[in-house]
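Data block below; observations after.
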Amino acid sequence: MKLPKIQKPTKKQVLRFIRYVLIVVCGNALAAASSAFLIIPNDFVMGGTTGVGIFVRNLVGKEWAVTLTVYVANVALFILGAFLLGKKFALATLAGTLLYPAFLSLWQFVNDKLNSPFLFRDLAGTGGVLNQPFLGIIFGALFFGLGIGMVVRVGASTGGTDIPPLILHKFFNFPVSAGMWILDISIVLLQFAAGITLENILYGVLITLASSLIVDKVSMVGTRRAQVKILSKKHEEIRKLILNKLNRGVTLLNGKTGFLKADCYMILTIVSFRDVVKLRNAVQKIDPEALFMVSTISEVRGRGFSSDRITLPKTEEVGEEDMREVAPEETVAPLEEGAEAALAQHGMPPEEPKKNAETDEKIIE
C-alpha cells in the first residue's frame, strides 16, 4: 500500500497559516484581557463561560474560581461538541477552547501582581483613577467583541457556550443566533442567585448585547462589497470602462424595458466601496441619463476576491454585434410607427425576426 505523497506547502500557504494562527491567538488574548482587566475586577457580569465563572466566584468567594470554571466548562463543552458534532468541529474549536482560559489566567495573574490603576482595575469603584462604570462597560464590550470578532473573522471558533446552540441547530434546527442570545442572557440573569445587584445585572445585559453587536460587525470587516447595476444605452462603453480602468469583472444581464418591452442589457459588477464614487462619476460622463443602482452585499467569494485576481488584457474587440449574439433569440413583433426611435434611447436597435432552422444552418455553414 502506497502512502499518499505529501506536497511541500508553498510560501503563500505558509504565510496564510501564520496569519491565521496570529489572528486566533491575538483575538483570544484580547478577549481574555478585556475580561481580566475591565469586566471581572469591577464585579460586572456577562454571558458565556466567563459569566459562568463569575457566577461560581460569587458563590464561593474565590477569585481563582473564574479561571478554573472557564477551563472546566470549555473542556466539558468541547468534549460534548466533539462527540455530537464530529471531529472536524473538534479540530476547529480546539484552539479557542484552550487559548481563552489560558490567557484569562495569565492576565488575571498580571493584574493581581501589578494592581495598577492604569490597568483600569477599579473603574467602577472609589479606589481607581476614574469613577466611571460606563467606561469599563463600553471598553470591556468593545475589546471583548473585537477579540471574538477577530477569531470568527478567520473562520475559527472560540468554543465554550457557542457549542450548545450548534447542537440544538443540528438536531432540532433551532436558529444558532437565537440560541446564543438566549443562553448568554440566561447566564447573566442567573447571577441573581449569587446575590448580584440589579444594577450590575443590567450592566451585564448591556455588555452582552454590545459585545455581540461588535462581533457581528468585526467578523464582516473586509468582506462587504458594493454591487452596482447600470442600465444605459451606452452599455458597451461602460463595460469597457469597468474592464479596462477598474480591472473588475462585468456580467451583462439580458433585460426588457417595461413600456416598449424592448431588449436591453443591464451591467452588473461588484467593486469596493471606495471605487463606487469613481465608477459613478465615470458613468455619468459617458451617459448622464444612465440608471445607476448600488446595494451592499455582505460577502463575496471567488476569483478576484477570495482567490487571486487575473489581470485581463485590454478589451477592444467585442462590439455591439458580438454582444447581440450572446442574447437569446426570440421572435420580435413588428414595431409600431415611432417605436423604432424610442428603442434607440435604450441602446438596443431592433432585432430582425427569428430565422427558421434551415436558414440558420446555412448561415452556420
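When atom types are taken as modelled, the side chain of Ser34 and the backbone of Gly140 share a donor-acceptor pair closer than 3.5 angstrom. The backbone N or O of Val56 lies less than 3.5 Å from no partner atom in the side chain of Lys62, so there is not a single donor-acceptor pair. The closest donor-acceptor contact from the side chain of His169 to the backbone of Phe174 lies under 3.5 Å. Although no hydrogens or angles enter the test, the distance criterion places no donor-acceptor pair under 3.5 Å between the side chain of Lys256 and the main chain of Ala262. With Thr257 contributing its side chain and Lys261 its backbone, the two residues share a donor-acceptor pair below 3.5 Å.
A distance of 8.0 Å separates CG in Leu252 from CD in Glu236, rounded to the nearest 0.5 Å. Atom CZ of residue Phe143 and atom CG of residue Leu146 lie 7.5 Å apart, to the nearest 0.5 angstrom. Residue Ile242 holds its CD1 atom at 10.0 Å from OG1 of Thr251, rounded to the nearest 0.5 Å. Separation of atoms CG (Leu84) and CD1 (Ile167) is listed at 4.5 Å; rounding is to 0.5 Å. The line from OG1 of Thr269 to CG of Leu279 is 7.0 Å long, rounded to the nearest 0.5 Å. Here Leu15 contributes atom CG and Lys11 contributes atom NZ; the two are 6.5 Å apart, rounded to the nearest 0.5 Å.
Counting heavy atoms from C-beta on, the side chains of Ser211 and Met46 never come closer than 4.5 Å. Side-chain atoms of Ile23 and Val151, non-hydrogen and from C-beta on, never get closer than 4.5 Å to each other. At a threshold of 4.5 Å between non-hydrogen side-chain atoms, the residues Val45 and Ile39 do not count as touching. Between Met293 and Leu291, some side-chain heavy-atom pair lies under the 4.5 Å cut-off. Leu209 has its side chain within reach of Val205: a pair of non-hydrogen atoms, C-beta onward, lies under 4.5 Å apart. Two residues are said to be in side-chain contact when any heavy atoms from C-beta on lie closer than 4.5 Å; Phe78 and Asn74 fail this criterion.
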Hey, can you pull the donor-acceptor pairs under 3.5 Å for the side chains in residues 179-186, sequence neighbours left out?
{"from": "Asp184", "atom 1": "OD1", "to": "Gly48", "atom 2": "N", "distance (Å)": "3.0"}
{"from": "Ser186", "atom 1": "OG", "to": "Ile182", "atom 2": "O", "distance (Å)": "2.6"}

Expected list for residues 101-109: side-chain donor-acceptor pairs under 3.5 angstrom, two or more places apart:
{"from": "Trp107", "atom 1": "NE1", "to": "Ala29", "atom 2": "O", "distance (Å)": "3.0"}
{"from": "Gln108", "atom 1": "OE1", "to": "Thr67", "atom 2": "OG1", "distance (Å)": "2.5"}

Between side-chain atoms of residues 192-203 and protein atoms elsewhere (two or more places apart, or another chain), which donor-acceptor pairs fall under 3.5 Å?
{"from": "Thr197", "atom 1": "OG1", "to": "Asn200", "atom 2": "N", "distance (Å)": "3.4"}
{"from": "Glu199", "atom 1": "OE2", "to": "Tyr203", "atom 2": "OH", "distance (Å)": "3.1"}
{"from": "Asn200", "atom 1": "ND2", "to": "Asp43", "atom 2": "O", "distance (Å)": "3.1"}

Task: Test side chain to side chain contact (heavy atoms under 4.5 Å, CB included) applied to Thr296 and Arg225, step by step - done: CA-CA 6 Å; Thr296 301; Arg225 293 290 186 272; over 6 Å; no
TODO: List the steps, then state whether side chain to side chain contact (heavy atoms under 4.5 Å, CB included) holds for Asn254 with Asp263.
DONE: CA-CA 7 Å; Asn254 289 303; Asp263 292 334; over 6 Å; no
- [ ] Evaluate side chain to side chain contact (heavy atoms under 4.5 Å, CB included) for Cys264 paired with Leu231, printing each intermediate quantity in order.
- [x] CA-CA 8 Å; Cys264 63; Leu231 188 61; 3.9 Å; yes
- [ ] Show your reasoning for whether side chain to side chain contact (heavy atoms under 4.5 Å, CB included) applies to Tyr100 and Ser35.
- [x] CA-CA 10 Å; Tyr100 179 79; Ser35 300; 2.9 Å; yes
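When the side chains of ILVMFWY residues are joined at heavy-atom separations under 4.5 Å, either directly or via intervening members, Leu241 and Val228 end up in a single hydrophobic cluster. The hydrophobic cluster containing Val25 does not contain Leu22, counting ILVMFWY residues as joined when their side-chain heavy atoms lie under 4.5 angstrom apart, directly or transitively. The hydrophobic cluster containing Ile54 does not contain Ile187, counting ILVMFWY residues as joined when their side-chain heavy atoms lie under 4.5 angstrom apart, directly or transitively. The hydrophobic cluster containing Leu166 also contains Leu77, counting ILVMFWY residues as joined when their side-chain heavy atoms lie under 4.5 angstrom apart, directly or transitively. A continuous path of ILVMFWY side-chain contacts below 4.5 Å connects Leu30 to Phe139, so both sit in one hydrophobic cluster.
Between Ile267 and His235, the shortest heavy-atom contact is CD1-O, 3.4 Å. Smallest separation of non-hydrogen atoms from Thr69 and Ala65: OG1-O, 2.6 Å. Listed here is the closest heavy atom pair of Val218 and Gly149: CG1-C, 3.7 Å.
Ion pairing between a basic and an acidic side chain is recognised when a charged N comes within 4.0 Å of a carboxylate O; Glu237 and Lys240 show no such pairing.
Heavy atoms from other residues, nucleotides or ligands lying under 6.0 Å from CZ of Phe171 number more than 12. The environment of Phe273 atom CZ is dense: over 12 non-hydrogen atoms of other residues, nucleotides or ligands sit within 6.0 angstrom. Around OH of Tyr20, the count of heavy atoms belonging to other residues, nucleotides or ligands within 6.0 Å exceeds 12.
Taking Leu206 as the reference, Phe134, Ile137 meet the side chain to side chain contact (heavy atoms under 4.5 Å, CB included) condition, with sequence neighbours excluded. Contacts of Phe144 classified as ring pair (Phe, Tyr, Trp, His ring centres under 6.0 Å), with partners at least two apart in sequence or in another chain: none.
Put simply, the residue from Leu268, Val283, Val294 that forms a side-chain contact (heavy atoms from CB on, under 4.5 Å) with Ile230 is Val283.
Screening residues 276-297 for salt bridge (Lys or Arg N to Asp or Glu O under 4.0 Å), with sequence neighbours left out, gives Asp275-Lys278.
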